[in-house]
Number of protein chains: 2
Amino acid sequence: MPDFATLVGFFASSEGASNLPLQMLIIFGVAKLCGEICERLRAPAIAGEIIAGMLIGPGLLNWIQPSELIHSLADLGVMFLLFRVGLEVRASELVRVGGVAMMAALGGVIMPFIAGYLIIIQLGHSQIEAVFVGAAMVATSVGITAQVLTQRGLLNHRASRIILVAAVIDDVLGLLILAVVSSLAKGGIDYLQLSLTAALAIGFVLLIVFWGVGTATRILPLVRSHLRMAEADYVVALVLLFGLSVLAVYAGVAAIVGAFLAGMALGESADQRVHELTSGAAELLVPFFLVNIGLQLDPKVFLDPVALVPALLIFVAAVFSKLFGAGLGAFRLGRRDAFKVGIGMIPRGEVGMVVAQIGLSFGVVPQNIYAAVVFMSVMTTIVAPPLLKWAYRDARA
Amino acid sequence: MPDFATLVGFFASSEGASNLPLQMLIIFGVAKLCGEICERLRAPAIAGEIIAGMLIGPGLLNWIQPSELIHSLADLGVMFLLFRVGLEVRASELVRVGGVAMMAALGGVIMPFIAGYLIIIQLGHSQIEAVFVGAAMVATSVGITAQVLTQRGLLNHRASRIILVAAVIDDVLGLLILAVVSSLAKGGIDYLQLSLTAALAIGFVLLIVFWGVGTATRILPLVRSHLRMAEADYVVALVLLFGLSVLAVYAGVAAIVGAFLAGMALGESADQRVHELTSGAAELLVPFFLVNIGLQLDPKVFLDPVALVPALLIFVAAVFSKLFGAGLGAFRLGRRDAFKVGIGMIPRGEVGMVVAQIGLSFGVVPQNIYAAVVFMSVMTTIVAPPLLKWAYRDARA
């Protein structure tokens, strides 16, 4: 007779719409349960929700397989997460920290790239592999840090604002590096194409920050007051969220950058009701973002020394290169806040995996290095929340 | 050069995660736009959101194709819809109207079945085809009516309560009819199996109504008070929502019956915050439920007389047989409220399509009759909101 765990996996993976409630129950329920356990162990709940994904994923219990549906719910989750963060910060205050954030983003891009490059060369791999792994170690995934700072009420701390702005700049830099390494894998760099890519991405972000926010603040209340539909404020907010996410994707940056800018554009005019309704959607969807990260990592990698050693090496290099690179860039804030910025930029999340996947598909990144990048991506998201808690121990909500 | 509409369709249907924000924008944005237009024409917004699905679907603009993702978001949408309805009604008051609701459900099942059977026999089709179409005309999809009554604040009207209870009973009866016709298509009826199916479904519903609600009201506040996680009340509510939906599916009834019962179980202990957070998720997801209905129907059917005539015949029969059947069952309420009940039971939604699809897959329902059933299902959901508005014209919110 099959044991309970096997039965759950069998039912959850069976075909047809009838398994949707069960998938929802398992992912949401186990995430919240692991989060609660972590909180009782004085660890951040968010790390527990990522570990929940490793637990129910194919490597251990095999109750849930990664799927397009879970991936889409995860994408929606991180969009709502960044949208909610955008609602709670002021564009004017972010612009003020632009200079330091730019230095932090640059330092946090250059150091991990060099670190990744050197490690892979030292391990005896080719130059193109080294370039790809370096590129995969660059991009910060700001969702994890944003969620921790939101939950702890620390979003408006100076270091937090710098992290948010640096993450947006980091995303643009990551786009450019991705464009360069993709061209390298295909044969050569088209500098005109690269300049256009850069101009479009930078233009989009600057346009929204300097012109869009003010326009939205003036025009949206007028639009809403003319609508007869129920919950018009929330509907307009969601249309702006999806609309700017679409534009961001076409401009070449991540959808979450658009979601963040949409939140910022609404932040000064949205009322309490919009904040609460947004939370209702975010609380439902964010666990799917966290679980989906954990689903990518097979925890059996911890038991295999041949796989574990390069993975650990890349992981440790990813943590310290980002910490020192971004921290040095933000050093004029003083040691403590620079440290907060460095820690806040550590999580890599999905972006690094995407870069490594492209390398895998071009045949320039071997399977074991790809696995090491996935390990690095997931583990940086798991260690970041406790490190952040510790780095912000002197900050008040 | 391709026109704008073709370009939108091209981008929205392109592969990869990057099209998710665009799909969200199109479905949510067009649904809300069509809803707003309908409201300005003094028609209910909900009809506009279903028509939006016909507009952007494969038959007209072809911006959106039905997909597993949209289907899942639609299923989540109607689960949240019924959960929210459950939160706003009292179990004790529903039990009180059980007798009338049972009669309304029975009348509303028998009359449409006979009507569908006779029409198909008259059109010269076989007896098994007639049984399948009759079965497809039986099941009420309560989501549409529940949404209209929620938006107009009429959920606690006597007729509304009867509609909700009758819809749950209707779902159990529909399950039994589906079991019978499936066995017929396969060769014969297994009466033992059928009795077990009935006992399980009825037992589940009665157990939750008479024992679960009281238990939840006593135990849940205790559970929540011991949790350290953020938004613990909402998390427990969602776990109960998904949990009872799973049990409902295993008991053979629709997931939305479980969602409705979960809402009811929480109704007496959930605070304002849970209501608001639930609304935040429901407002996001319900448009996907409505658009997904419209997506099923190719509006070109209106231009083809050969397809339109049997479709119109089945549609008109579906409206009047349900109106008279359920209305007669509820006649002891007096003419006006019986009329409200009859109107409220008209929408068929997805259930009828599922029955017809099974018939199609067994080869006992031809393609043109299947199309007619889809037409009937979608059109009953579009005409129901304006009819409900009219039937409830004497009721106060």
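Chain A is the first sequence line, chain B the second, and so forth, proteins listed ahead of strands; every chain is numbered from 1.
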From the list B:Glu39, B:Met79, B:Glu68, the residue making the most non-hydrogen contacts under 4.5 Å with chain A is B:Glu39
Kindly give the heavy-atom pair with the smallest separation between B:Cys34 and B:Gly48, and that separation in Å. CB-O, 3.2 Å
Which atoms of A:Glu231 are under 4.5 Å from chain B, going by heavy atoms: the side chain, the backbone, both sets, or neither? side chain
Between A:Lys32 and A:Glu36, is the closest basic N to carboxylate O distance under 4.0 Å? no
Heavy-atom closest contact (B:Tyr234 atom, B:Leu277 atom, distance): OH-O, 3.3 Å
A:Ala251 versus A:Phe204, closest heavy-atom pair with distance: CB-CB, 3.6 Å
Bottom line for B:Arg40: the part with an atom under 4.5 Å from chain A's heavy atoms is both
Counting heavy-atom pairs under 4.5 Å to chain A, which of B:Met229, B:Glu283, B:Arg228 comes out on top? B:Arg228
Closest non-hydrogen atom pair between A:Ala31 and A:Glu49, with its separation: O-CG, 3.3 Å
Scored by heavy-atom pairs under 4.5 Å with chain A, the best of B:Ser245, B:Ser72, B:Ala255 is B:Ser72
Pairwise side-chain contact, A:Ile27 with A:Trp63, heavy-atom cut-off 4.5 Å (strictly under): no
Under 4.5 Å from any heavy atom of chain A - which part of B:Leu247: neither
Heavy atoms only, distances under 4.5 angstrom: which of B:Gly280, B:Ala282, B:Ala281 has the most pairs with chain A? Name it, please. B:Gly280
Side chain proximity check, B:Met24 to B:Phe288, heavy atoms < 4.5 angstrom: yes
Hey, which of A:Ser279, A:Ser67, A:Cys38, A:Ala45 has the most heavy atom pairs under 4.5 Å with chain B? A:Ser279
Tell me, for B:Thr278 versus chain A, whether the close heavy atoms (under 4.5 Å) come from the side chain, the backbone, both or neither. neither
Most chain A-contacting option - heavy-atom pairs closer than 4.5 Å, from B:Val235, B:Leu241, B:Leu244, B:Val274: B:Val235
Evaluate the side-chain proximity of A:Val168 to A:Leu261: yes if any heavy-atom separation is below 4.5 Å, no if none is. no
Largest heavy-atom contact set with chain B, pairs under 4.5 Å, which of A:Leu69, A:Leu227, A:Leu285: A:Leu227
